[in-house]
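A short write-up of the structure that comes next.
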Amino acid sequence: MDLFTKTLFLCLALALANGAPMHPQDSAANGGEDHAAVPDRCKGIEFDAITLDEKGTTLFFKGAHLWKGYHGPAQRSNETFEELDDTHHIGHVDAAIRMHNKESPDIHDRNYFFQDDKVFRYYNYSLEDGYPKEIQADFPGIPTHLDAAVECPSGECTTDSVLFFKGNDVHVYDIATKTVKTKTWSHLPSCTSVLRWQEHYYCFHGHNFTRFNPVSGEVTGTYPKDARNYFMRCPNFGHGGGYKILKCSEIKLDAITADDSGKTYMFAGRIYMRLDTHRDGLHAFPIIRGWKEVTNGVDAVFSYTDKIYLIKGDQVYIYKSTAQHTLVEGYPKTLKEELGIEGHVDAAFLCPNGHTVHIIQGQRMLDVDLTATPRVVTRDVSVPVSDIDAGLCGSDGVKVFKGSQYYRYESATTLAASRIAPEPLNITSAMLGCQD
Ligand SMILES: *[C@@H]1O[C@H](CO)[C@@H](O)[C@H](O)[C@H]1NC(C)=O
Ligand SMILES: *[C@@H]1O[C@H](CO)[C@@H](O)[C@H](O)[C@H]1NC(C)=O
Ligand SMILES: *[C@@H]1O[C@H](CO)[C@@H](O)[C@H](O)[C@H]1NC(C)=O
Ligand SMILES: *[C@@H]1O[C@H](CO)[C@@H](O)[C@H](O)[C@H]1NC(C)=O
């Protein structure tokens, strides 16, 4: 082929790929029998519907296809949700939600899929009895042929609600009273799918998304953003290597902590992850997104009363554990000033309802009483494990982490009293959401 022909061929291939996504490999893979195109989400497509399932896997729908999770190819929706196709031969989903209604365990966590004038309810990937139904039978006052829908629990919305989107209208359905209030949010792009994820609300339009407030519709921050950078893994998109879910055998923590309200955070390099929200799928964020003054990673973190203490070098940052972490006035301060110690801190932990923080420095553990002013070291003992990365104390005892393994002790006192290290245990996916 000469250069001209080659260039022309390439342009043609690109034009096909961008317009009607006909993928040479896909038709080959299907043995040429199935000519329906398999969409490639990394090309930048508009989804029909997006929701989480009851286990926290994100489902993305487009035409007759579906993706489960942030990576991997599309599959036919009817392989997973057989009846969606069976009844209608429509081959698409208009809208999807994961119902949130703790008052009614029989509907809580169910997936509802909306297709034209019908609603399908699934649990554990099985269609429930009596479905499909007319949308009106379950959601009186809600129009057919929806664009998008999203659940909105009380606390985020005024009451347990579902928001239904059609054009610029948002029909706010109150689950308890079965009443509907309609709002018009003309400033929002027309959403073809809406996802609630980690207590935030995302309107997807084209290959972009816009985050909005579910009560006022207000958009704050710089939007739209390209969905390929955030909601899927695509070559040449995303935030780089630090964001991928690590293999458990490759984990190396800098710090880990759990606060009184049950929020658990792990830190590694410049990123952190909330572990208690695993049902929304685990996702890493830059530490500076949560704690904007902490720009260079952390050495150790612990929680005390309603505050979180982040240690880096000889600096201690104390933040209020509110939704927006705010740095307490006057911080950072030096380790010496705040805790009465000096030198590099490897790990720090505090047991529930305790007032003594246990600071690991090399093979020593220093106890500092947080109720005393000035702070003084009340105990200084050696510990049998070297090179500790992080420590956590909970109702099940103390865990000290070292690389991809951890050591478990009944309490800080047993750790202090022991002369030999117990058998290390491997970090598991159940603990940290890593890949086994
Ligand atoms: C899914 O739909 C395709 C195309 O209509 C059909 O060939 C296939 O048999 C269906 N699969 C199932 C499991 O129903
Ligand atoms: C979910 O479905 C699978 C396979 O159909 C079944 O083995 C499992 O017991 C079900 N789980 C629940 C909680 O119903
Ligand atoms: C997507 O968002 C970018 C800005 O991030 C904008 O330039 C582009 O026009 C948007 N594309 C679509 C299809 O909405
Ligand atoms: C930990 O994992 C390694 C392989 O990565 C394995 O050889 C070892 O037996 C595991 N240890 C425990 C206690 O499960």
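Numbering of ligands and ligand atoms starts at 1, following listing order.
Shortest contact from atom 14 (O) of ligand 2 to any protein heavy atom: N124 ND2, 3.2 Å. In terms of protein heavy atoms, atom 13 (C) of ligand 4 is closest to P424 O, 4.0 Å.
Remark: ligand 1 and N78 share an N or O pair separated by less than 3.5 Å (distance only, no angle test). Note: an N/O pair closer than 3.5 Å links N426 and ligand 4 by distance alone.
When each of D299, L253, I256, L310 is tested with F267 by the rule side-chain contact (heavy atoms from CB on, under 4.5 Å), just one qualifies, namely L310.
Atom 10 (C) of ligand 4 lies below 4.0 Å from at least one non-hydrogen atom of the protein. For atom 7 (O) of ligand 4, the nearest protein heavy atom lies 4.0 Å away or farther. For atom 2 (O) of ligand 2, the nearest protein heavy atom lies under 4.0 Å away.
In this structure a side-chain-to-backbone donor-acceptor pair under 3.5 Å is missing from T57 to D53.
Checked against the 6.0 Å centroid threshold, F120 and F81 do not count as a close aromatic pair. Ring pair F139/F164: centre-to-centre distance below 6.0 Å.
A side-chain donor-acceptor contact under 3.5 Å links K68 and T80.
V383 is listed as a side-chain neighbour of I388, based on a closest heavy-atom distance under 4.5 Å.
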